[in-house]
Amino acid sequence: MRYLVLSDIHANCDALDAVLEEAEGHYDQVVCLGDIVGYGPEPNRAVEWVREHAQMVVRGNHDKVAVGLDDVSWFNPIAEAAARWTMQELSEDNRRYLTNLPRGPVELSGFTLVHGSPLDEDGYLVGVIDAEYVVPYIEQSVTFFGHTHLQGGFTWSRHQVRHLERPAPWEPSHVVLIEETSGYLINPGSVGQPRDGDPRAGFAVYDTEGRVVTLYRRAYDIGTAQQKFRSAGLPEALAARLAVGR
Ligand code: ZN
């Protein structure tokens, strides 16, 4: 089975459309690591696409805030403004869907999905030290996580943890071979708001039979996306950051 792994779409459907165009023909099923909404201008369209196409979804912190499962006062003022806008915008159906999303980790056949960390759905795995802390608790060899918007993640064998590489700015993809003696915490990158300095949309495909995870980056029309942020009245900083991937 080949899984398209999407995370942190953040209601940016221009990025989502480009990802789907690039991924077409390379996957059989879709899984999603949460933060479908928040920040971006098309929350209903993003949720509707995920509802229709994803086989398994775990909730993200922005999904929780958008439906009142978590308190918006934890957010910085820009994220808060976008969250309040999203709350107004979501349809009743989409609100109900987000409210009922499961908390990660969720186990699938042979791998695990979480939004933040296997130990805390809202935890951040940024550095090797964060991964070292959770590795002893991980049972499956492959775990996908998001939340940091930093593509790549970690691999370890005998508890020696190191960073996984992501595609260089001039590369469309980077292949990670899944070895039986190693463990993997893999971040597919953010579709709608990358923060690793590469403004291209990030995603991954996991081929479970071939034991290969391919990390992809796909350029999209950022100018058109920014126009939508502005017409929606979302904070300018959210539109501006798309161009730099920070
Ligand atoms: Zn996010």
Side-chain angles (χ1 to χ4, degrees), residues 4-16 19 30-43 45-47 49-50 54 56-67 69-87 89-90 94 97-98 101-106 113-118 120-127 130 143-153 166 185-204 215 217 220 222 225 229 234-235 237-242 244-246:
L4 175 61
V5 187
L6 303 179
S7 191
D8 299 279
I9 297 167
H10 283 293
N12 180 348
C13 290
D14 291 285
L16 177 62
V19 161
V30 180
V31 295
C32 176
L33 310 178
D35 278 5
I36 304 164
V37 303
Y39 299 132
E42 295 187 86
R45 231 190 102 200
V47 173
W49 188 87
V50 171
M56 183 49 76
V57 183
V58 291
R59 66 188 189 181
N61 52 319
H62 285 261
D63 304 320
K64 286 193 288 181
V65 165
V67 297
L69 286 174
D70 221 340
D71 189 353
V72 73
S73 62
W74 290 97
F75 277 175
N76 66 51
I78 288 170
E80 180 181 342
R84 292 195 189 283
W85 181 89
T86 303
M87 287 175 202
E89 199 70 14
L90 278 174
N94 290 336
Y97 173 79
L98 291 177
L101 286 179
R103 171 204 303 262
V106 165
L113 308 179
V114 297
H115 180 63
S117 148
D120 171 6
E121 62 174 341
D122 297 333
Y124 287 91
L125 301 178
V126 177
D130 305 317
T143 300
F144 288 99
F145 72 101
H147 195 37
T148 61
H149 302 205
L150 307 172
Q151 193 179 41
R166 58 181 170 85
L185 271 163
I186 300 179
N187 189 325
S190 168
V191 172
Q193 200 204 76
R195 290 179 196 161
D196 48 18
D198 186 340
R200 297 176 297 171
F203 66 101
L215 300 170
R217 292 311 269 258
Y220 69 100
I222 290 173
F229 276 69
L234 287 159
L238 293 174
R241 73 188 302 178
L242 296 179
V244 286
R246 292 280 182 206

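When a ligand or atom number is given, it counts from 1 through the structure's own listing order. The residues of the chain are indexed from 1 along the displayed sequence. All values below come from the heavy atoms of this structure, side chains included, with hydrogens, waters and symmetry mates left out.
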Decide yes or no on salt bridge (charged side-chain N to carboxylate O under 4.0 Å, His left out) for Arg195 and Asp8, but give the supporting numbers first. CA-CA 11 Å; Arg195 290 179 196 161; Asp8 299 279; over 6 Å; no
Considering non-hydrogen atoms only, spot the tightest contact between Leu33 and His115 and give its length.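 Shortest heavy-atom separation between Leu33 and His115 comes out as O-ND1, 2.7 Å.
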Using 2.8 Å as the cut-off, note every protein N, O or S atom close to the Zn ion (ligand 1).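 Hits for the Zn ion (ligand 1) below 2.8 Å: Asp8 OD1, His10 NE2, Asp35 OD2, His149 NE2.
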Tell me, with the steps shown, if Val65 and Trp74 meet side-chain contact (heavy atoms from CB on, under 4.5 Å). CA-CA 9 Å; Val65 165; Trp74 290 97; over 6 Å; no
Does the Asp196 side chain pair with the main chain of Gln151, one donor and one acceptor, at a distance under 3.5 Å?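 Pair found, side chain donor or acceptor close to backbone of Gln151.
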Arg241 side chain vs Arg246 backbone, donor-acceptor pair below 3.5 Å: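 Yes; at least one donor-acceptor contact below 3.5 Å.
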Distance-only side-chain donor-acceptor flag, Thr148 / Asn187, under 3.5 Å: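 Side-chain D/A pair, Thr148 to Asn187: present.
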